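Notes follow once the structure below has been shown.
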Amino acid sequence: MDKPLETIIVDSILDAIADQRLRAGTKLGEQALSDLFRCNRAHVRRALATLTAYRVVDHLPNRGAFVATPTPQDARDIFQARRAIERVICRNAVNQATEQDIADLRSHLAQEAAAKGQGNRPAAVRLSRGFHVLLGRVGRNPVLSRYLEELTMQSSLIIGLYASAHGTLCAEDEHARLVDAIEARDPDAAQRLLDEHLRHIEAGIEFGDEAPPTDMLSAVLKRS
């Protein structure tokens with residue numbers, strides 16, 4: 001089944017951010033996006049509304065939509081919130097994960113490994129976020145899952161904009177060891193590994209004085 005146009009636009013913008021092709025403060029013009037994706041502006045508005053709701057895009061009155069510009073304090077606050085929420089999610093996952101849940105997590109790990117092996121940074125960032133969203137579902141608290149989905153979207157923006165393009169976003173086995181702890185029903189180990197993992201990601205974020213300029217949207221958001 002084909003993806004809705006709004007989802008294609010959202011995914012394309014997130015991929016461009018993850019690949020460091022789309023920078024903080026870049027204007028996301030409705031007409032430019034409409035022309036690029038060969039759709040009407042209503043589709044673009046819905047896509048931008050989704051990204052705005054997740055605070056990845058800022059919509060400024062009388063100026064339009066722009067890629068959000070998170071500050072170092074924003075990053076600290078987001079990762080602090082993630083650590084608090086995901087500790088509870090980890091404990092829930094240890095208590096409630098089924099054999100199918102573990103199999104789904106292992107399958108996701110394989111997809112992450114494939115993306116990293118192919119050097120596909122946008123896919124790796126997207127799948128890393130997807131791992132944590134999946135973990136939230138395994139924890140079976142829909143309220144926490146909704147908060148986590150928003151926070152992971154924001155942290156993906158921060159990682160895409162400011163993490164080193166040449167460095168590894170996380171150690172190869174961090175997610176795998178976390179799944180091992182969940183499968184072993186060890187809540188203390190799972191929470192510790194989760195905390196170390198998030199702190200490792202946060203430590204790799206480097207805020208520069210000025211973001212490099214972005215090319216025209218038509219060059220940044222290439223359609224196949």
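Being a predicted model, the structure only gives us computed values, none of them experimental. The first residue of the sequence shown is numbered 1, and numbering continues consecutively from there.
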Where do R140 and N92 land on the side-chain contact (heavy atoms from CB on, under 4.5 Å) test, with the steps shown first?
CA-CA 7 Å; R140 290 177 173 77; N92 288 350; over 6 Å; no
Taking A24's backbone N and O only, do any of them form a donor-acceptor pair with T69's side chain (distance below 3.5 Å, no angle check)?
no
Ignoring hydrogens and geometry beyond distance, is a side-chain donor-acceptor pair present between D101 and T98 at under 3.5 Å?
yes
Any L51 side-chain heavy atom under 4.5 Å of V10 side chain:
yes
Counting N and O atoms only, with roles assigned by atom type, does the side chain of K27 sit under 3.5 Å from a partner on the main chain of R63, one being a donor and the other an acceptor?
yes
Identify the heavy atoms of I182 and A97 that sit nearest to each other, and give their distance.
CG2-CB, 3.9 Å
Keeping T52 on the side-chain end and D58 on the backbone end, is there a donor-acceptor pair under 3.5 Å?
no
If you look at every heavy atom in T26 and L22, which pair is closest and at what distance?
CG2-CD1, 3.6 Å
Please examine the side chains of M153 and L14, heavy atoms only from C-beta on, and report whether any two atoms are closer than 4.5 Å.
yes
Minimum heavy-atom distance between S155 and F79, given as atom pair plus value
CB-CZ, 3.8 Å
Salt bridge or not for R91 and D186, using N-O below 4.0 Å?
no
Between A124 and A115, what is the shortest heavy-atom contact and its length?
N-CB, 4.0 Å
Taking only residues two or more places apart in sequence or in another chain, which ones pass ring-ring contact (aromatic ring centres under 6.0 Å, His included) with F131?
H175
Output yes when a side-chain donor or acceptor of S107 lies under 3.5 Å from a complementary backbone atom of A103, and no otherwise.
no
Which atom of C90 lies closest to which atom of A190, heavy atoms considered
SG-O, 3.9 Å
For T71, give me all partners under side chain to side chain donor-acceptor pair (under 3.5 Å), at least two apart in sequence or on another chain.
D74
F37 and V44, any side-chain heavy atoms less than 4.5 Å apart
no
Under the side-chain contact (heavy atoms from CB on, under 4.5 Å) rule, what do L148 and R82 come out as? Steps first, then yes or no, please.
CA-CA 7 Å; L148 180 60; R82 282 192 62 178; 4.3 Å; yes
Same apolar cluster (I L V M F W Y, side chains within < 4.5 Å links), V143/I85:
yes
Any pair counted as salt bridge (charged side-chain N to carboxylate O under 4.0 Å, His left out), so long as it reaches residues 47-56, sequence neighbours left out:
R55-E150
L178 and L135: CA distance, side-chain angles, deciding distance, side-chain contact (heavy atoms from CB on, under 4.5 Å) verdict:
CA-CA 10 Å; L178 182 54; L135 192 62; 4.0 Å; yes
Answer yes when E183 and R106 have at least one side-chain N-carboxylate O distance shorter than 4.0 Å, and no when they do not.
yes
Tell me, do C39 and I8 make a side-chain contact under 4.5 Å, heavy atoms counted?
no
Please examine the side chains of L109 and E112, heavy atoms only from C-beta on, and report whether any two atoms are closer than 4.5 Å.
yes
So, using side chain to side chain donor-acceptor pair (under 3.5 Å) as the criterion, who are the partners of R76 when residues are at least two apart?
Q73
So, do V133 and R137 sit near enough that their side-chain heavy atoms are less than 4.5 Å apart?
yes
Would you call L198 and E86 a side-chain contact if the rule is heavy atoms closer than 4.5 Å?
yes
Is the number of heavy atoms from other residues, nucleotides or ligands under 6.0 Å of Y147 OH greater than 12?
no
A81 and L151 have their tightest heavy-atom pair at CB-CD1, 3.9 Å
Residue pairs meeting salt bridge (charged side-chain N to carboxylate O under 4.0 Å, His left out), one or both in residues 41-52, sequence neighbours left out, come to E6-R46, E30-R41, E30-R45
Residue pair L194, I89: steps toward the side-chain contact (heavy atoms from CB on, under 4.5 Å) verdict
CA-CA 10 Å; L194 183 281; I89 285 173; over 6 Å; no
A side-chain contact here means heavy atoms from C-beta on lying under 4.5 Å apart; do L193 and D180 qualify?
no
I'd like to know if the side chain of H43 and the backbone of S34 have a donor-acceptor N/O pair within less than 3.5 Å.
no
With sequence neighbours left out, write down each residue that passes side chain to side chain donor-acceptor pair (under 3.5 Å) with D195, or none if nothing qualifies.
R87, R199
